[in-house]
Amino acid sequence: MMKTPNGIFITIEGVEGVGKSTNIEAVNEYLLEKEVEFIITREPGGTILAEKMRDLLLQINADEELSELSELLLIFAARAQHLEQLIRPALTEGKWVICDRFTDATYAYQGAGRALDRNKIAQLETLVQGDLRPDITIILDLDPEAGLQRAQGRGALDRIEREKLEFFIRVRSAYIEIAIAEPDRCLVIDASQDIDTVKTNLLIALDQKLETLLGDD
Ligand code: TMP
């Protein structure tokens with residue numbers, strides 16, 4: 001079994017309106033009970049400057065459209081900042097890092113959603129992350145139509161949430177493909193059920209995954 005002196009890096013992914021916040025809250029409670037040191041953060045964002053880059057990414061630009069390549073580079077610029085300032089130091093100190101989205105979102109949204117060349121994403125991933133990858137990725141899976149309805153219910157949509165349903169259908173498929181390609185890292189949770197069932201299923205699956213990752217200690 002793999003033992004890691006560093007903290008564990010857990011990411012949470014899914015289409016809009018899939019219930020990430022509520023489920024992250026459940027993971028928060030679970031980790032408090034486990035008495036591990038951890039931080040919860042998000043992408044794009046997580047530091048003061050990276051949050052400014054997030055604003056640039058999500059705001060609706062009336063004067064000028066953000067080009068697809070600028071979008072991709074801005075996402076990785078924010079990620080570089082986040083990794084250097086927050087994620088790497090925390091992991092090195094042995095803290096666990098729970099991150100609301102990470103590079104799988106780039107493969108799903110920019111790669112599948114926007115049809116950008118995934119080799120470009122892979123190059124930036126290597127440049128920015130080196131060999132750092134999440135230990136565990138929770139993918140909350142939901143029909144994007146249902147997710148978008150939930151997102152709409154929350155108020156005004158941001159620049160990415162305004163994409164068409166087809167975009168989010170591609171995003172969802174990309175997440176499922178990632179999960180199939182990397183079953184050791186990824187947990188797929190059916191997010192269409194009632195929230196208590198989703199939370200319970202998520203925590204059971206996470207517990208099992210951690211046992212496998214950490215061995216019996
Ligand atoms: P959030 O609403 O889950 O906080 O995510 C913000 C938006 O950013 C969401 O629509 C997905 C998008 N996004 C990307 O397009 N690429 C990425 O790499 C990340 C991390 C997020």
Next item on the list: Would you indicate whether L32, at its atom CG, is surrounded by more than 12 heavy atoms from other residues, nucleotides or ligands within a distance under 6.0 Å?
Entry: yes
Check: Just by distance, do the side chain of S70 and the backbone of L66 share a donor-acceptor pair under 3.5 Å?
Finding: no
Pairs under 3.5 angstrom only: tabulate donor-acceptor contacts from the side chains of residues 120-128 to other protein residues two or more places apart or in another chain.
residue: E125; atom: OE1; partner: Y107; partner atom: OH; Å: 2.7
residue: E125; atom: OE2; partner: R133; partner atom: NE; Å: 3.4
residue: T126; atom: OG1; partner: A122; partner atom: O; Å: 3.0

Next item on the list: Report the distance from atom OG1 of T22 to atom CD of E25, rounding to the nearest 0.5 Å.
Entry: 8.5 Å
Next item on the list: Keeping to residues at least two apart or across chains, list the salt bridge (Lys or Arg N to Asp or Glu O under 4.0 Å) pairs with something in residues 58-71.
Entry: E71-R114, E71-R159
Item checked: Nearest non-hydrogen partners of H82 and C99, listed with the distance -> CE1-SG, 3.8 Å
Margin query: Go through it in stages, so that I can follow the logic: the residues are F102 and I87, the test is side-chain contact (heavy atoms from CB on, under 4.5 Å), and I'd like the CA-CA distance, side-chain angles, deciding distance and then a yes or no.
Written below: CA-CA 11 Å; F102 196 62; I87 297 180; 4.1 Å; yes
Checklist line | Pair E166 + K164, salt bridge at N-O below 4.0 Å | finding: no
Notebook entry, point to check: If you round to the nearest 0.5 Å, how far is CD1 of I98 from CD1 of I136?
Noted result: 8.5 Å
Next item on the list: Over all heavy atoms of both residues, which pair between A205 and I189 is shortest? Give the atoms and the distance, please.
Entry: CB-CD1, 3.9 Å
Item checked: Validation row: I138, N23 side chains within 4.5 angstrom (heavy atoms) -> no
Next item on the list: Calculate, to the nearest 0.5 Å, the distance between atoms CG and CE belonging to L56 and M53 respectively.
Entry: 8.5 Å
Item checked: Side-chain heavy-atom pair R172, L142 within 4.5 angstrom cut-off -> no
Next item on the list: Find out whether F38 and I8 are in side-chain contact, i.e. whether some heavy atom of one side chain is under 4.5 Å from a heavy atom of the other.
Entry: no
Next item on the list: Answer yes or no: is there a side-chain heavy-atom contact under 4.5 Å between D207 and Y30?
Entry: yes
Next item on the list: Under the side-chain contact (heavy atoms from CB on, under 4.5 Å) rule, what do T137 and I178 come out as? Steps first, then yes or no, please.
Entry: CA-CA 10 Å; T137 296; I178 291 168; over 6 Å; no
Check: Which atoms form the tightest heavy-atom contact between E161 and A151, and what is the distance?
Finding: OE2-CB, 4.5 Å
Note to self: Is any side-chain heavy atom of L210 closer than 4.5 Å to one of W96?
What the structure shows: yes
Next item on the list: Calculate, to the nearest 0.5 Å, the distance between atoms CD and CD belonging to Q152 and E16 respectively.
Entry: 10.5 Å
Notebook entry, point to check: Any side-chain heavy atom of E211 within less than 4.5 Å of one from L214?
Noted result: no
Notebook entry, point to check: Counting distance only, does the side-chain N/O of D135 pair as donor-acceptor with the main-chain N or O of I10 below 3.5 Å?
Noted result: no
Checklist line | pair K20-R42: side-chain heavy atoms closer than 4.5 Å | finding: no
Check: Side-chain contact, heavy-atom cut-off 4.5 Å: D100 with I40?
Finding: no
Margin query: Do L157 and L58 sit in one hydrophobic cluster, given that two such residues count as connected whenever their side-chain heavy atoms are within less than 4.5 Å of each other, even indirectly?
Written below: no
Next item on the list: To the nearest 0.5 angstrom, please state how far the CD atom of Q81 sits from the OG1 atom of T47.
Entry: 5.0 Å
Checklist line | V198 versus D190, closest heavy-atom pair with distance | finding: CG2-O, 3.6 Å
Next item on the list: Please say whether more than 12 non-hydrogen atoms of neighbouring residues, nucleotides or ligands are located less than 6.0 Å from CD in E84.
Entry: no
Item checked: Shortest non-hydrogen contact between V15 and Y175, atoms and distance -> N-CE1, 4.2 Å
Checklist line | Ring-face cation contact, F76 with R79, 6.0 Å cut, 45° max | finding: yes
Item checked: Straight-line distance of E37 CD to L31 CG, nearest 0.5 Å -> 12.0 Å
Check: Under 3.5 Å, is there a donor-acceptor pair between the side chain of E51 and the main chain of G46?
Finding: yes
Check: Which atoms form the tightest heavy-atom contact between L203 and A26, and what is the distance?
Finding: CD2-O, 4.0 Å
